[in-house]
Protein chains: 2
Amino acid sequence: MVGQIRDLIAEKGLTVGDGLPTERDLCTQFNASRNTVREAMRILKAYGLVEVRPKIGATIADNRLARAFDLFSFNTMEVSRKTFSDVQAFRDLLEVGSAEQIMDRITDRDIADLYALNGKLAEGADIHVASEVDYDFHYRLISILGNDAILDVYKVMKPVILRIMQKGKTRRSYKTETFAEHQGVIDALAARDRLAFQYRLRAHLMIGFKNFSDEMEGAA
Amino acid sequence: MVGQIRDLIAEKGLTVGDGLPTERDLCTQFNASRNTVREAMRILKAYGLVEVRPKIGATIADNRLARAFDLFSFNTMEVSRKTFSDVQAFRDLLEVGSAEQIMDRITDRDIADLYALNGKLAEGADIHVASEVDYDFHYRLISILGNDAILDVYKVMKPVILRIMQKGKTRRSYKTETFAEHQGVIDALAARDRLAFQYRLRAHLMIGFKNFSDEMEGAA
DNA sequence: GAACCATTTTGTTGGACCAAGATTCGTAAT
DNA sequence: ATTACGAATCTTGGTCCAACAAAATGGTTC
C-alpha cells in the first residue's frame, strides 16, 4: 500500500507542497479500505514524507532528516559519563565553534529573544522547567545559524541535554549562577565581542561538566 | 496514543525482545478502538521500535538506525538545496572545527587506516561504491575524536551525505581529484600540520558544494 | 512422531458518525 | 445592482464498530 502511494507520487511527479488525493479517493483508486489507506498514510507521515492536516488533506513534504533524528529522541536511557562528555564536547564544538557565523548573522531580535528567555530563568520555576528554559536558550542561540541540520541534531539530543542539565544543576542555583553566565554570553553577543562570547560560553559549558563529574563521584 | 504506548513501555521497563500486550488489550487499556491502536502501532513500527508479527503480537525492537537508512531509500525525491548546504556546513563545523582535538589524539594507526581507505578510491569502482568509501573516509576521520555522539550523528546523516557525494561527483573523477584531495588531507595530518589540514579539508568540502550547486543550476 | 484441527492474534474490509475547516449560497445593507 | 456578512452545507480527516480472512501457535489424535 505504501509502495502504491509512493508510486503514485512518483508517477504524477508530485513534489514538496503538492497535495495528495483525499483518503477516500485513494480508497477507490487502489481498491482498499479507508483504514488500510490510513495506516499507510500514518507510515508515510512517520517517515516525514507527507504532512496531513485535518480538513485540508495530505501534502507532500520532506522532513526525513528531522524524522531520522526524531527516531533517537525516544531515549529514556540513563546518561553515562561517556555520553555526557561526548555530548558536552559536541555542544562545545557546535556552539563555540560557530561563533564566527553567529556573529555574522546575529540580529537585535535574536539578542532580545535571548535576554527574554534568560529572564525566565530568574523567575525560578522548578528544576524541570528551568532545564527546559536552559535548553531553549541554547537552542535559540544555535538557531541563529539558520542551519536546520544542526537544529535537528539539537532536537535529537534534547533528552540527553535535559538530563545533563538537571543532573548538573541540582546543587547550583539556576536563578543566580546559570542566569548570570547566560547573561554574560548575551552581553558579549550584544557587544559583538566574539572572543568574550567564546570564552564565556565555553566556561559555562565547562562548569556543567564539572558539576556533573562531581555528581558522578558522589554517586559512585 | 503513540505517547501512551511509549509511556507504557517505559513504565513497565520493557526492553528489546519483550512482548507488548495484544492490540485488543491495548484497546481496553487505553479506551481506544482497535484501529486507533493499530495506527499507533504502525507509527512505532515505522520508527523501528516494535516488530509486529501475526499471531505473535508486537515485540520491542530497536531498528532505528536501520529505519533511518530506509527513510532515504525512498529516493525518488532528491536532497533539497537547503538540506545540502545545511549538511555540508555541519560537516565543515565538525570536521574542520575539531582539527585541534584530532591533532591531539591522532595516532599512526589512524593515518595508516586513512591512507588505506583512500587507496580504495583509486581502485575506481563504480560511483556508489566510491561514495561509500568516501563516506568511510570521513567517518574514520571523525572517529579519531572518540566521540560516540558525533559518530551517531554521522551514521544518521549517512544517507544524505552519500547522496550529496554521488550527486557532486558525477562529473568528477573519484580516482583523481577526490583521491588527491583526501591524500593532501592525510599528508597534513601525518605532518601534524593543523593549518594545512584545515585548509585542505575545507577546500575539499567546498568543492563538493560547488559541484552540487552546478548540478542544481543545470537541472533548473 | 506426524498429520490435523482449534484457537489466538494480526490483517483487512466496509460501514458509520463526529468535529471542524472550506465552500456555497441566501439575505440584508448600502 | 453590488457588496458584505452570516448561516447552511459540503468536505475531510479522526475515531469507532463489527465482522471475516490469514497466519502461526499449540494441543490432539492417530
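In what follows, every heavy atom counts, from backbone to side chain, and hydrogens, waters and symmetry copies are set aside. Throughout, a chain's letter reflects where its sequence line sits, starting with A, and its residues are numbered from 1.
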S.K.: Atom CD of E23(A) and atom C1' of dT12(D): how far apart are they, to the nearest Å?
M.R.: 8 Å

S.K.: Once salt bridge (charged side-chain N to carboxylate O under 4.0 Å, His left out) is applied, what residue pairs with a partner in residues 23-33 of chain B remain, sequence neighbours excluded?
M.R.: E23(B)-R34(B), E23(B)-R38(B)

S.K.: Whole-Å distance between dG14(D) C1' and F30(B) CZ?
M.R.: 19 Å

S.K.: Hey, does the side chain of T36(B) come within less than 4.0 Å of dC16(D)'s phosphate (OP1/OP2), counting only N and O?
M.R.: yes

S.K.: Taking side-chain hydrogen bond (donor to acceptor under 3.5 Å, both in side chains) as the definition, give me every residue that meets it alongside K45(B), ordered by chain and number, with sequence neighbours left out.
M.R.: none

S.K.: Pick the closest DNA chain C nucleotide for R53(B) and for V37(A) by heavy atoms, then say which residue is nearer the 5' end.
M.R.: R53(B)

S.K.: Applying salt bridge (charged side-chain N to carboxylate O under 4.0 Å, His left out), which residue pairs with at least one partner in residues 141-154 of chain A are found, sequence neighbours left out?
M.R.: D148(A)-K82(B), D152(A)-K155(A)

S.K.: Can you check the R38(B) CZ to dC16(D) C1' distance for me, whole Å?
M.R.: 14 Å

S.K.: The criterion is side-chain hydrogen bond (donor to acceptor under 3.5 Å, both in side chains); which residues satisfy it with D7(B), sequence neighbours excluded?
M.R.: none

S.K.: For a quick test of reading the model, state the closest non-hydrogen atom pair linking Y154(B) to L94(B) and the distance between them.
M.R.: CE1-CD1, 3.8 Å

S.K.: Just to verify, what does Y139(A) make a ring-ring contact (aromatic ring centres under 6.0 Å, His included) with, not counting sequence neighbours?
M.R.: Y135(A)

S.K.: Between A32(B) and V52(A), just flag the one whose closest nucleotide in DNA chain D comes earlier from the 5' side.
M.R.: V52(A)

S.K.: R200(A): which residues meet the side-chain hydrogen bond (donor to acceptor under 3.5 Å, both in side chains) condition with it, sequence neighbours left out?
M.R.: none

S.K.: Anything under 4.0 Å to a heavy atom of chain B counts; send over the first and last such nucleotide of DNA chain C, read 5' to 3'.
M.R.: dT8(C) to dT12(C)

S.K.: Taking side-chain hydrogen bond (donor to acceptor under 3.5 Å, both in side chains) as the definition, give me every residue that meets it alongside R192(A), ordered by chain and number, with sequence neighbours left out.
M.R.: none

S.K.: Might you list the N or O atoms of the protein lying below 3.5 Å from N or O atoms in nucleotides 18-22 of chain D, with each pair's distance?
M.R.:
none

S.K.: Starting at atom CD of E39(A), determine the distance to atom P of dC16(D), rounded to an integer number of angstrom.
M.R.: 14 Å

S.K.: Do any side-chain nitrogens or oxygens of R42(A) fall under 4.0 Å of OP1 or OP2 in dG14(D)?
M.R.: yes

S.K.: Does R140(B) pair with D136(B) as a salt bridge, N-O distance under 4.0 Å?
M.R.: no

